[in-house]
Amino acid sequence: MTASTTWYGMRSWIECGFKDTKRGGLHWHFTKMTDPKRAERHWLAIALATFWLVGVGSEADATPPNSNYDDLPPDHIARTQPPAKKPTRFLSCFRRGFIQILVALLLS
């Protein structure tokens with residue numbers, strides 16, 4: 001496997017990260033900075049914020065809510081159907097971390 005093939009395999013991951021940095025989360029495209037030193041500091045802040053948001057989101061993603069499957073009656077429809085596939089992730093770890101932190105701030 002060549003390096004170009006490996007990078008192409010990471011393309012969707014890179015594009016999602018670009019979306020989170022630019023228009024989906026931190027709105028880098030609104031800054032209109034021209035001074036390289038200011039942009040450098042801003043990118044450092046964006047990198048740290050992304051690290052924090054993805055960390056919180058990953059932790060939330062790794063701890064799913066408790067299932068109450070055992071509390072269901074024997075004739076419940078969930079017991080008669082085959083087990084579901086692993087659920088698809090609808091929120092990125094970045095977005096989920098943002099929501100977790102926002103909720104924690106609102107509840108404090």
Side-chain angles (χ1 to χ4, degrees):
M1 183 179 280
T2 65
S4 61
T5 308
T6 304
W7 277 109
Y8 189 78
M10 296 179 69
R11 181 177 173 200
S12 63
W13 179 79
I14 292 169
E15 288 177 2
C16 290
F18 180 75
K19 178 186 173 199
D20 288 337
T21 304
K22 189 171 180 185
R23 61 185 161 80
L26 299 175
H27 305 290
W28 162 253
H29 62 295
F30 288 134
T31 60
K32 310 290 189 231
M33 287 187 191
T34 56
D35 180 26
K37 288 293 183 188
R38 288 189 68 205
E40 181 181 320
R41 289 191 304 270
H42 194 81
W43 272 104
L44 177 62
I46 286 175
L48 292 173
T50 302
F51 183 72
W52 184 37
L53 291 169
V54 170
V56 171
S58 298
E59 186 177 330
D61 197 44
T63 55
N66 293 333
S67 172
N68 56 0
Y69 182 80
D70 295 332
D71 297 335
L72 296 174
D75 58 343
H76 193 275
I77 191 168
R79 292 186 184 275
T80 61
Q81 296 184 355
K85 297 185 297 185
K86 186 176 179 182
T88 305
R89 178 182 289 156
F90 293 108
L91 291 173
S92 67
C93 289
F94 179 93
R95 179 63 61 194
R96 192 163 186 180
F98 183 84
I99 292 169
Q100 291 283 107
I101 292 170
L102 184 63
V103 168
L105 287 172
L106 291 173
L107 294 178
S108 63

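Numbering starts at 1 and runs along the sequence shown.
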How would you list all residue pairs meeting salt bridge (charged side-chain N to carboxylate O under 4.0 Å, His left out) that involve [range], not counting sequence neighbours?
range           : value
residues 41-51  : none
residues 98-108 : none
residues 99-108 : none
residues 91-108 : Asp61-Arg96

So for atom CH2, which belongs to Trp52, do other residues, nucleotides or ligands contribute more than 12 heavy atoms lying within a distance under 6.0 Å? no
Mind checking the OG-CD spacing from Ser58 to Gln100? Nearest 0.5 Å is all I need. 11.0 Å
Value rounded to 0.5 Å, distance of CD1 in Ile46 from CG in Leu53: 11.5 Å
I'd like to know if Phe98 and Leu105 are part of one continuous hydrophobic network [Ile/Leu/Val/Met/Phe/Trp/Tyr, side-chain heavy atoms within less than 4.5 Å]. yes
Grouping I, L, V, M, F, W and Y whenever their side-chain heavy atoms are under 4.5 Å apart, do Phe51 and Phe94 come out in a common cluster? no
Does Leu48 sit in a hydrophobic cluster with other residues, and if so which ones, taking ILVMFWY side chains as linked at heavy-atom separations under 4.5 Å, directly or through other members? Leu44
Apart from Leu107 itself, its cluster of hydrophobic side chains linked below 4.5 Å comprises Leu91, Ile99, Val103
